[in-house]
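In what follows, a structure is listed as structure tokens, so that the remarks can point back to it.
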Amino acid sequence: MDPDVVFGKPRIKGTRLSVEFLMGLFGAGWSEQQVLESYPQLAREDLQALFALAAEMIAEEGFVIAGKLAA
């Protein structure tokens, strides 16, 4: 994170693409292929890191997820 890039939000290293933005694309139904085609500076490994970070953040915070994911 860099306070001078995307307001200090977590992002994919070497890009201005925030974790929040990319997760929003997946939440809106974009596929991995669509994201990679639309943002050619990304690699599959970047998306794997994105999901690993999201999983870690959720585990640390103990979120309750509403909607279709709720048990």
Side-chain angles (χ1 to χ4, degrees):
M1 294 183 285
D2 180 336
D4 295 327
V5 181
V6 292
F7 307 106
K9 293 181 178 184
R11 63 186 168 89
I12 300 297
K13 186 176 182 176
T15 75
R16 297 184 66 81
L17 298 171
S18 71
V19 169
E20 177 184 13
F21 171 75
L22 291 168
M23 292 301 290
L25 294 179
F26 285 109
W30 284 45
S31 69
E32 178 181 301
Q33 181 178 351
Q34 287 173 305
V35 172
L36 292 174
E37 287 175 358
S38 296
Y39 300 95
Q41 67 271 41
L42 296 176
R44 173 170 275 156
E45 293 78 16
D46 295 320
L47 300 183
Q48 290 171 332
L50 170 81
F51 286 112
L53 173 65
E56 184 179 319
M57 292 175 75
I58 290 169
E60 288 178 5
E61 295 296 324
F63 288 100
V64 174
I65 301 175
K68 294 182 179 183
L69 297 178

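Side-chain atoms are counted along with the backbone in the values below, which use heavy atoms only and exclude waters and symmetry mates.
- Atom CG of L36 and atom CG of L47 lie 5.0 Å apart (nearest 0.5 Å).
- Of all heavy-atom pairs spanning Q34 and G29, the tightest one is OE1-O, 3.9 Å.
- Listed by first and then second residue, the salt bridge (charged side-chain N to carboxylate O under 4.0 Å, His left out) pairs involving residues 21-45 are E32-R44 (not counting sequence neighbours).
- Atoms CG and CZ, on L22 and F51 in that order, are 9.0 Å from each other to the nearest 0.5 Å.
- To the nearest 0.5 Å, the span separating CD on Q48 from CG on L53 amounts to 14.0 Å.
- Here ring-ring contact (aromatic ring centres under 6.0 Å, His included) pairs that include residues 28-48, with residues two or more places apart or in two chains, are F21-Y39.
- Closest approach of L17 to T15, counting heavy atoms only: N-OG1, 3.0 Å.
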